[in-house]
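Just below is one structure, and these are the notes that go with it.
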Amino acid sequence: MKADDHEGCVLVAPQNFAMVENGIYRSSFPKPEHFGFLTALNLRSIIYLCPEPYPEESLKFYEANNIKLFQFAIESQKDPPTPIPEDTVLAALRVLVDVRNHPIVIHCKAGKHRTGCLVGCLRKVQNWRWSSVLEEYQKYAGLKCRQRDMKCIETFDTVSLRQCLLSIMYRYLGYGPNRKRLLYGEENVQTPKSQATKV
C-alpha cells in the first residue's frame, strides 16, 4: 500500500497510539491492518525498540513508502531485571529529536514500557516535572509499571543528549511551535530503501 491508496479506507490506528509532540507519535507494534493509518501520517521514520527481526511484509511496506526504520535492541524485562543501556536510549533519542526524521512513530511491542521509557527520557529533556513524567508513563503502562523503566528515566543524563544535539548541528529550541532550527541549509534527507538501521 502506498500513501495515495488509503483514500476511502477505514483507517485503524495501532493500540496505544497517541501524539507525543508535533511530528512525534507512539504506538504498539503496527500490523498490516494499520498500514493505511500509517500512510495517512506521511511518516518519514519508525523507531523500533525490540531486538526481534521486523516482519518482511512490514519492511516492504516501509520501503514502498520511503519510511526509514531505526531499530534499537532493548531486551524485554527479565527476572531479575537488567538495566536499560543508557547509550541505547541516547542513540534512540538522537534519532527522535532530529526533525529531519519527522513525522516519526516510536513503538515496541505493546507500546507501554520500552516506548514509555524513551518518551519519559524525552520529557526530562523538555524539563517536565517528575510527577508529570510518571503520570504519563503510568497512563500507558497501567498496573504493570516497571521499576527498571522508572530507574532509567530518573537517572537519564539530559546533558548527554544536549551535547549530541550540538554534535549533529542543531540548536535545541524545544517542541511544538518552537521548532528546532538547522544551523545549515540541508533540509531534505534521503532515506534508503533498505533494511532497518540497527544500533
Side-chain angles (χ1 to χ4, degrees), residues 10-38 40-41 43 45-55 57-58 61-62 67 69-97 101-158 161 175-176 196 199:
V10 176
L11 304 183
V12 180
Q15 289 186 334
N16 285 325
F17 177 84
M19 176 183 283
V20 177
E21 291 289 344
N22 186 26
I24 301 177
Y25 306 94
R26 62 180 292 168
S27 76
S28 62
F29 201 112
K31 299 177 181 178
E33 58 262 34
H34 306 131
F35 288 172
F37 183 86
L38 296 182
L41 296 176
L43 294 177
S45 311
I46 299 275
I47 289 179
Y48 174 46
L49 299 174
C50 302
E52 294 80 13
Y54 221 84
E57 182 178 5
S58 297
F61 165 75
Y62 294 156
I67 299 171
L69 176 65
F70 296 90
Q71 182 172 2
F72 299 92
I74 299 176
E75 297 287 346
S76 59
Q77 179 164 299
K78 300 178 180 179
D79 190 15
T82 55
I84 296 176
E86 183 168 316
D87 58 343
T88 302
V89 174
L90 181 59
L93 283 170
R94 289 184 64 177
V95 172
L96 182 61
V97 299
N101 296 321
H102 296 180
I104 189 169
V105 167
I106 315 160
H107 79 81
C108 47
K109 288 186 177 179
K112 295 180 179 180
H113 302 107
R114 283 168 281 194
T115 297
C117 182
L118 187 65
V119 171
C121 291
L122 173 66
R123 297 311 191 192
K124 280 194 67 177
V125 177
Q126 294 177 299
N127 295 318
W128 276 35
R129 291 179 296 181
W130 175 246
S131 60
S132 298
V133 175
L134 182 60
E135 180 181 359
E136 183 180 40
Y137 174 85
Q138 291 175 331
K139 176 182 176 181
Y140 295 94
L143 298 176
K144 295 184 177 181
C145 293
R146 293 177 176 173
Q147 289 303 312
R148 77 158 190 169
D149 297 340
M150 295 289 94
K151 185 68 173 179
C152 177
I153 299 170
E154 186 177 5
T155 60
F156 178 71
D157 182 10
T158 59
L161 180 61
Y175 289 84
V199 176

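Just the heavy atoms: all of them, side chains too, but no hydrogens, waters or symmetry mates, feed the values below. Numbers for residues simply follow the sequence, beginning at 1.
Atom CD of Glu135 is surrounded by 12 or fewer heavy atoms from other residues, nucleotides or ligands within 6.0 Å. Heavy atoms from other residues, nucleotides or ligands lying under 6.0 Å from CD of Gln15 number 12 at most.
Counting heavy atoms from C-beta on, the side chains of Leu93 and Cys121 come closer than 4.5 Å. A heavy-atom distance below 4.5 Å is not found between the side chains of Leu122 and Trp128. A 4.5 Å side-chain heavy-atom check between Tyr137 and Met150 finds at least one atom pair inside the cut-off. At least one side-chain heavy atom of Cys117 sits under 4.5 Å from a side-chain heavy atom of Ile84. At a threshold of 4.5 Å between non-hydrogen side-chain atoms, the residues Pro30 and Tyr62 count as touching. A 4.5 Å side-chain heavy-atom check between Arg114 and Ser76 finds at least one atom pair inside the cut-off.
Contact record, His102 with Asn22: ND1-O, 4.4 Å, taken as the closest heavy-atom pair. The heavy-atom pair separating His107 from Ser27 by the smallest distance is CB-O, 3.1 Å. Closest approach of Pro32 to Glu57, counting heavy atoms only: CG-OE1, 3.5 Å. The minimum heavy-atom distance linking Val95 with Asn101 is given by the pair O-ND2, 3.0 Å.
Residue Tyr48 forms a ring pair (Phe, Tyr, Trp, His ring centres under 6.0 Å) with just one option from Phe70, Phe72, Phe29, and that option is Phe29. For the ring pair (Phe, Tyr, Trp, His ring centres under 6.0 Å) with Phe61, the lone residue among Phe37, Phe35, Tyr54 that qualifies is Phe35. For the pairing with Arg123, the side-chain contact (heavy atoms from CB on, under 4.5 Å) check across Val20, Leu134, Leu118, Ile153 returns one residue only, Val20.
Considering only residues two or more places apart in sequence or on other chains, Tyr25 meets the side chain to side chain donor-acceptor pair (under 3.5 Å) condition with none of them.
The distance from the CG atom of Leu38 to the CG atom of Leu11 is 10.0 Å, given to the nearest 0.5 Å.
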